[in-house]
Structures are given as structure tokens and as C-alpha cells.
Protein chains: 2
Amino acid sequence: MKLSQGVEWGLHCASLLALAPAGATVRREQLAGHYALPEAYLAKHLQAMARAGLLRATPGPKGGYRLCRPPESITVLDVVEAVEGRARPFLCQEIRQRGAAAIPPEECTVPCAINTVMDDADDAWRASLRGVTIADLLTRMRPEVRKRNEALLRGERPANGSAHE
Amino acid sequence: MKLSQGVEWGLHCASLLALAPAGATVRREQLAGHYALPEAYLAKHLQAMARAGLLRATPGPKGGYRLCRPPESITVLDVVEAVEGRARPFLCQEIRQRGAAAIPPEECTVPCAINTVMDDADDAWRASLRGVTIADLLTRMRPEVRKRNEALLRGERPANGSAHE
DNA sequence: ACTTCTCGGATATTAGATATCCAGGATACG
DNA sequence: CGTATCCTGGATATCTAATATCCGAGAAGT
């Protein structure tokens, strides 16, 4: 049970894109450099988010990525599902139908109780993630950090230290 | 994000052990044969559950496994954590401290908001699993299936068909 | 003492996550 | 219209974790 690191990357990138001026695009190299991520691999996750309809990618000069929807309408679950997929973490192998205690198929009208319990827990997990939006993440970001990020997106390069606030 | 199949095995085995007569032990070969599982690999998961204090393994003739606690006091989460471990599925890499937008450590007094959100979701998942016990799983088992399992544990071998009820 | 049975370590095998590269196509700009 | 820029998608390599098996050591019953 481990979540791909792409989820972290995707959430950070989505938050960053939400800070960009409306309509502006951010190049992939810029996103990767912002967090010192491998650009080629980050591309895979950005593509997945674009396919999911969260981002729009614009090719050509002055191109790059931007959010498709306002940050208030993009949930953390949206990003997680775009990157990780929508498959359930628990896959019932129906072992109750195998072995010495095999239950004949005609008695398996009801799904396995274990499967139900695991799916319920997964629903609770997803509901929790659905309750937080990208906009919420920005709210929890410290104002000076947010300002520095916005400045970087505008192309301003902060003086070496950047810690003298 | 995928759960080990050992979780399914562990939950089925715990349920089965709960059906065994009080104080009786069930051999590993019997557990594996019950669901047509590879005995050698199942042993790994049973060991993990024994280490977690859910099962007790008795060596020697007439040995085998039994539950350490009554089924009402063993939660599904107990089994999941025994098999899968207690590590969080989301591991924050603190990429906010890296790259062009690196936040100086002295400003990182508060944990990353993304990390918090993911941990909250994990707490919700665990809380859901903690709300169901092995005894609850038995309640959701169909009576005729439960009886057949109990009979098998007593060493009775049902007639070929077993579907003529 | 001998048999029976589990434990733990060592060791393959396989699948998925991580990471990189390049040809192809779309767009802006001169 | 040609060129530089930038994303897309596929092919590929690497690495880690899950899956699976085997065997010697040790404990308990007879």
C-alpha cells in the first residue's frame, strides 16, 4: 500500500498553476525546476492530468500548461485519481470460491463481506480527499511563500538568500 | 495504490479461525487448502499476524494456529496493519524545500498542507476499517456457508457435490 | 529419542514504479 | 513559408517491492 510520488508532484504543480495569472501558461521545464523534479518523468503525470481534463497543454512557443477549471472546483481527489487511476486498492480474488471450502457460484449472489468492508473504507478515503480543493490548499499556504511563488511565476528571480523577510 | 493480496488471505483465515471450536488449533496446511492458497507464502502472512499478537502458533504435533483474542475484539484494521504494516501510504518528499521555489527550513514549521490532507484521508480509511470486527464478518456470512466451514474444521468431508442443500 | 510441526532466513521470479530518450506534430513568430 | 519552441506518445532501461518457494533449526507431543 503505497501511493505514487506522482500524486505529490501533481498536487504541488496544480497548486502552482493555480497561482499563475489567469490565462497564463507555465512551461514544463519551469514546473520541474520549481521543485527540482525530473522533467521527463513529470511529463508523464502532467499528461495524465491533461487527459483527465484538469490541465490544458498548449504546444508551441509561449505554450505550456494551465488549469482547465477554477481551483475551487478541482478537488484533491481529482488529482489523485488522474495520477493514480480509479482502480480500487483492494481486489477481491474470490478465494471463497476456491479450495476445500469452495462455495458454489449459485450461492455467491451477495458480494464477499470482506470486499464490501474494504470498498467502504476506500469510499471513506475518497470522500475525505473530495472534501478538499486546490483552492483550499492555497489557503493553507503561508502568505510569504505564496508571494514568492507568484513572483517566480512572473519570471522574477529573488535575490540569492530569499530568506531575509 | 494497491493492497497486498495477503490482506484478503489474512481476513479469510482470521474468520475461519473464529469458526473453529474454542481452544482448537488449525494447521497451516488446512488453512491453505481451505482456500487453495500457496501454503509456503501464506505462512509469511500468518507469521506477521502472530507477531502482531492476533494469532498464536503452536509448534509440534496437534499444533497449528488459533486466535489470541475473541473475534469481537479483533478489528479488520488489526489484520490489515498486521499484514500491510502501519506505514502511511503517502510519503511526503518535502519537495517544497527543493528547486527554484525552495522554502528555507526555518519557514517549514508547519507540515506541508498536502501531507496533512493525505494523512487525514488515511485516518478516515483506518477509522472505517476499525469499525468492523472479525465477529461482524461472521454475521454477514450466510448460515449454510458458515455451517459448511465449521463442518470442514471438524474434519468432516462433505459429499462431492455439497451444493444439494 | 523420535516424530510432527512451525519459525525464520535465504533465495528466485514477477510486476509495477521510476526514469530517460527521441520521433512526430502543433503553434507562434519573423 | 520556414524556423524555433514546446507538448505528445511510444519504446526502453532500471530499480524496488510483492509474490512465491525451499530448507535448516527449534519446539512440543508421544
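Each chain gets a letter, A, B and so on, in the order the sequences are listed, and its residues count up from 1.
- Counting atom types as modelled, Lys44(A) pairs a side-chain N or O with a base atom of dG10(D) as donor and acceptor under 3.5 Å.
- Listed nucleotides: dG29(D), dC7(D), dT18(C). Nearest to the side chain of Pro61(B): dG29(D).
- No more than 12 heavy-atom neighbours from other residues, nucleotides or ligands sit within 6.0 angstrom of CZ on Arg56(A).
- Within the nucleic acid shown, Arg56(B) has no heavy atom closer than 4.0 Å to any nucleic acid atom.
- In this structure, Glu29(B) atom CD and dT4(C) atom P are separated by 13 Å, rounded to whole Å.
- Nearest approach of Ile114(B) to Phe90(B), heavy atoms of both residues: CG2-CZ, 3.9 Å.
- Rounded to an integer number of Å, the gap from His45(A) NE2 to dC7(D) C1' is 16 Å.
- Along DNA chain C, the nucleotide nearest Glu39(A) and the nucleotide nearest Gly60(A) are compared for position; the residue whose nucleotide lies closer to the 5' end is Glu39(A).
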### Query
Between Asp136(B) and Thr133(B), is a side-chain hydrogen bond (donor to acceptor under 3.5 Å, both in side chains) present by the stated rule, with each step listed?
CA-CA 5 Å; Asp136(B) 293 333; Thr133(B) 69; 3.2 Å; yes
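- Remark: Arg126(A) CZ to Trp125(B) CH2 distance equals 12.5 Å, nearest 0.5 Å.
- At a threshold of 4.0 angstrom between heavy atoms, the contacts of Ala40(A) include nucleobase atoms, whether or not backbone atoms are also involved.
- In this entry the distance linking CD of Gln47(A) with P of dA26(C) reads 15 Å, nearest Å.
- Rounded to a whole Å, the CG atom of Leu31(B) is 11 Å from the P atom of dC7(C).
- Across all non-hydrogen atoms, the minimal contact from Arg96(A) to His12(B) is CB-CE1, 4.2 Å.
- Side-chain proximity of Pro59(B) to dT18(C), dA26(C), dA28(D): nearest is dA28(D).
- The number of heavy atoms from other shown groups lying within 6.0 Å of CZ (Arg142(B)) is above 12.
- Gly6(B) comes within contact range of no nucleotide atom at all, as no heavy-atom separation falls under 4.0 Å.
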### Query
For Glu150(A) and Arg146(A), what are the C-alpha separation, side-chain angles and deciding distance, and is it a salt bridge (Lys or Arg N to Asp or Glu O under 4.0 Å)?
CA-CA 6 Å; Glu150(A) 287 173 340; Arg146(A) 177 178 177 145; 3.4 Å; yes
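- One atom, CE of Met49(B), and another, C1' of dT6(C), lie 15 Å apart when rounded to the nearest Å.
- Sequence order on DNA chain D of the closest nucleotides to Ala57(A) and Met1(A) puts Ala57(A) first from the 5' end.
- Atoms CG (Leu42(A)) and P (dC6(D)) sit 16 Å apart, rounded to a whole Å.
- The nearest whole Å value for the distance from the CG atom in Leu46(A) to the C1' atom in dG9(D) is 14 Å.
- Residue Ser4(B) places at least one side-chain N or O closer than 4.0 Å to OP1 or OP2 of dT19(D).
- For the pair Tyr41(B) and dA12(C), the criterion of a side-chain N or O lying under 4.0 Å from OP1 or OP2 is not met.
- When the C1' atoms of four end pairs are superposed on the next four at each end of the helix from dA1(C)-dT30(D) to dG30(C)-dC1(D), using five pairs per end, the two resulting axes differ in direction by 20°, to 10°.
- Using a 3.5 Å distance cut-off with no hydrogens or angles, the side chains of Asp78(A) and Thr75(A) do pair a donor with an acceptor.
- Close to dG9(D), at under 4.0 Å from its OP1 or OP2, lies a side-chain N or O of Arg51(A).
- Here dC7(D) presents its P atom at 7 Å from CZ of Arg27(A), a figure rounded to the nearest Å.
- Note on Gln5(B): only backbone sugar-phosphate atoms sit closer than 4.0 angstrom, heavy atoms only; bases stay farther off.
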